[in-house]
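Below: the structure, in structure tokens.
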Amino acid sequence: MTQVIWIIAAVLVTFTAGYVGYSRYLTRFVELDEDAKTPAHKYEDGQEYVPSKKPVLLGHHYSSIAGGAPIVGPITAGAIWGWVPALLWIAIGNPLMGAVHDFVSLSGSLRHEGKSIGYMIGEYVGESGKNMLLWFAFLTIVLVVAVFALVVAIVFNAYPQVVTASLLYIGLALVFGVYLYQFNGPFIPGTIVFVAGVFVSVWVGLQYPLALFAGDYPAGTIVLFGGAGNWVPGAGALGGNTAAWIPFVMVYAAIASALPVWVLLQPRDYLSSFLLYTGVGGATVAIIVGTFLGTSSQSLVIDSSIGAFEGFWGVEEAGLAPLFPLLFITIACGTISGFHSLVSSGTTAKQLDKETDARLIGYGGMLGEGLLAAVALSTLAVAGFADPEGGIGAALPNFAEGGGIILTSLGVSESVGAVFMALVLCSFLLTSTDTAVRLGRYMMEEIVGTPAGRTDTGLSADPASFFRGRYTNPIIQVVPAYLLVVSGQWVVLWQLFGGANQLLAALALLTATVWLANWDDSKQLVSTGVPMAIMVVITILGLSILVFYENLYLNLLQGGAGSLEAMLSSAVQMVIGLVLIVLALALVRLGYRNISNVRRGPETPAAEPGDD
């Protein structure tokens with residue numbers, strides 16, 4: 001039988017080659033300058049523009065980009081089409097496409113005063129292109145908030161120990177922020193003390209699990225409210241406890257997004273990064289140790305229920321699911337993710353201390369997410385997966401269960417290891433959720449117009465202030481996101497999220513290609529242009545399948561939807577999918593026209609980097 005270590009070995013080889021070779025070339029290619037003044041220093045305001053130490057910012061960036069998708073996607077794809085296709089897309093696509101995407105998004109934002117990819121595209125194709133991309137990104141953000149809040153709630157319900165631990169480490173982060181930025185406490189001693197506190201919170205969570213409503217929980221779980229919570233909106237589809245956690249998570253994300261970055265975002269992401277590094281790195285080491293020393297509770301081989309290749313159409317239980325293009329959309333963030341371009345050109349670009357830090361944080365951070373995807377695929381391989389069409393609900397327990405088995409190689413009990421891996425997943429998701437809400441505000445600030453370095457509370461009489469305000473903008477994100485989740489159509493929500501997210505990645509690569517072409521007409525456009533073209537084809541085909549085959553043909557024309565509610569849901573999905581496709585094609589047309597004009601000899605001089 002094939003050993004799981006081959007999954008880890010494959011990504012370590014390709015990722016090392018990518019970082020040592022390709023990322024160094026890209027750093028020279030975009031001419032990053034260690035001595036140049038970054039937007040964080042130019043517009044330092046103590047609120048959004050805050051120069052950050054490299055390890056602190058790496059922790060924030062990695063925590064923000066690594067949500068549930070690089071875990072759910074590889075597990076689901078591996079179960080449907082086999083572990084070999086999933087591994088190949090992660091091992092090859094990540095260093096050549098995903099890491100390039102993140103790096104150029106961050107580098108391009110640095111050259112445009114920390115502005116988003118929407119602002120960048122607007123510089124070269126006009127205001128209409130900027131607004132189309134920003135609205136596309138804002139719609140994607142709403143889907144991200146909905147999906148991530150749902151997944152956090154599912155984890156909280158499955159592992160109530162994680163609730164207590166999560167609350168404690170958020171409290172620790174608030175104290176750590178005050179310690180660092182208000183009392184100027186020494187960095188290394190503070191790191192040691194507060195990181196230790198994070199791991200203590202894991203132990204406390206194991207002792208005192210917490211739930212909102214009654215359910216099948218470990219002995220000693222503290223239940224705050226009586227009954228099963230059947231009255232909570234969405235309880236019929238999700239269960240009372242899960243449905244009740246969703247608004248809690250969204251309110252937390254809204255509040256956290258409004259706070260200055262030094263209060264919670266930076267210190268929490270930095271502290272939680274140690275938890276995440278331990279989970280991903282620990283699982284990687286455990287696979288190596290368990291393979292060579294045989295210390296795991298069971299052999300670390302690929303379970304017989306997971307095929308190497310299940311055919312182009314996948315396993316029968318998942319229905320007709322063509323490997324191309326659906327595998328590439330299903331894995332999503334493990335290889336390439338449009339959401340990362342919003343993080344890179346949103347919060348990260350506003351905190352970068354030196355331009356050259358972009359290599360480790362942008363390119364290296366994405367490789368770290370690819371390693372997470374490989375670990376997730378390894379948990380599937382070890383634990384097996386009996387329900388390939390179960391989506392999120394089946395994938396998350398698999399990650400914790402398989403992770404618990406893997407960690408026994410290091411002497412950790414399987415039950416403790418499973419809870420720890422669930423907390424690792426939840427840490428990724430919480431940081432990504434409130435970062436997404438903050439990014440949504442940035443999108444709206446650029447749509448309605450806000451000067452660089454200035455923020456708005458949203459509490460004035462100006463209508464534009466309400467839409468861009470840090471206290472009011474979260475409302476227009478979390479309310480529609482909540483309505484999407486409690487509708488019970490979470491499977492559909494995941495499909496829409498995957499399609500929108502991957503199409504946004506194509507548009508971010510288009511933006512980078514346009515920027516490079518306008519910077520210097522001798523710049524090669526292969527590094528960004530080829531991945532962009534591939535992603536445009538993949539995502540438009542994938543969304544077309546969702547719109548025309550699954551919804552129009554199967555659900556509406558063939559009567560698969562059944563109820564009126566399901567038919568209305570299918571109609572809404574079709575509208576959203578078509579809007580995304582039309583916006584993307586319009587932007588590709590504008591971008592292609594701009595690049596063609598530049599390469600033929602533009603009427604106006606090409607812009608230098610930073611000329612905005």
Side-chain angles (χ1 to χ4, degrees), residues 68 71-72 145-171 200-255 383 386-387 390-404 413-430 433-434 478-479 481-491 493-494 565:
I71 294 173
V72 178
V145 172
V147 168
F148 285 4
L150 168 63
V151 178
V152 170
I154 291 174
V155 177
F156 276 2
N157 180 67
Y159 295 94
Q161 306 95 322
V162 175
V163 177
T164 306
S166 297
L167 292 174
L168 287 174
Y169 94 74
I170 289 172
V200 169
S201 71
V202 176
W203 179 85
V204 175
L206 289 168
Q207 306 305 311
Y208 303 100
L210 184 65
L212 294 177
F213 292 100
D216 184 17
Y217 307 127
T221 298
I222 301 170
V223 180
L224 298 182
F225 304 107
N230 295 328
W231 54 270
V232 177
L238 302 169
N241 193 57
T242 300
W245 277 122
I246 293 170
F248 274 87
V249 174
M250 290 188 174
V251 170
Y252 157 77
I255 294 173
D387 186 15
I392 296 173
L396 298 182
N398 179 281
F399 178 74
E401 178 187 351
S413 72
E414 191 170 323
S415 59
V416 172
V419 172
F420 176 75
M421 293 300 284
L423 178 59
V424 168
L425 170 60
C426 207
S427 298
F428 279 126
L429 290 163
L430 283 173
T433 304
D434 69 71
V478 299
V479 170
Y482 180 69
L483 294 176
L484 282 170
V485 174
V486 298
S487 69
Q489 301 294 315
W490 62 266
V491 174
L493 193 61
W494 182 265
E565 179 187 22

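Atom OH of Tyr208 has 12 or fewer neighbouring heavy atoms from other residues, nucleotides or ligands inside a 6.0 Å radius.
Rounded to the nearest 0.5 angstrom, Tyr159 OH and Cys426 SG are separated by 12.0 Å. Considering OH of Tyr217 and CG of Asn157, their distance stands at 4.5 Å, rounded to 0.5 Å. In this structure, CD in Glu401 is found 7.0 Å from CD in Glu414, a value given to the nearest 0.5 Å. Rounded to the nearest 0.5 Å, atoms CH2 (Trp203) and CG (Leu168) are 11.0 Å apart. Put simply, CG on Leu430 and CG on Leu425 are 9.5 Å apart, with the number rounded to the nearest 0.5 Å. The structure places CD1 of Ile154 at 7.0 Å from CG of Leu238, a figure rounded to the nearest 0.5 Å.
Here the closest heavy-atom approach between residue Ala383 and residue Asn398 is recorded as CB-ND2, 3.9 Å. Shown here for Leu429 and Thr433, the closest heavy-atom pair between the two residues is O-OG1, 2.7 Å. Shortest non-hydrogen contact noted between Leu212 and Val223 is O-CG1, 3.9 Å. Of all heavy-atom pairs between Met250 and Val145, the closest is CE-O, 4.1 Å. Shortest non-hydrogen contact noted between Leu423 and Ser166 is CD1-OG, 3.7 Å. Taking every heavy atom of both residues into account, Phe420 and Val202 meet most closely at CD1-CG1, 4.5 Å.
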Worked verdict on Phe156 versus Thr242 for side-chain contact (heavy atoms from CB on, under 4.5 Å): CA-CA 7 Å; Phe156 276 2; Thr242 300; over 6 Å; no

Verdict with supporting geometry, Leu210 and Leu224, side-chain contact (heavy atoms from CB on, under 4.5 Å): CA-CA 8 Å; Leu210 184 65; Leu224 298 182; 3.7 Å; yes

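Note on ring orientation: taking the six-membered ring where Trp is involved, the planes of Phe213 and Phe225 are tilted (angle from 30° to 60°).
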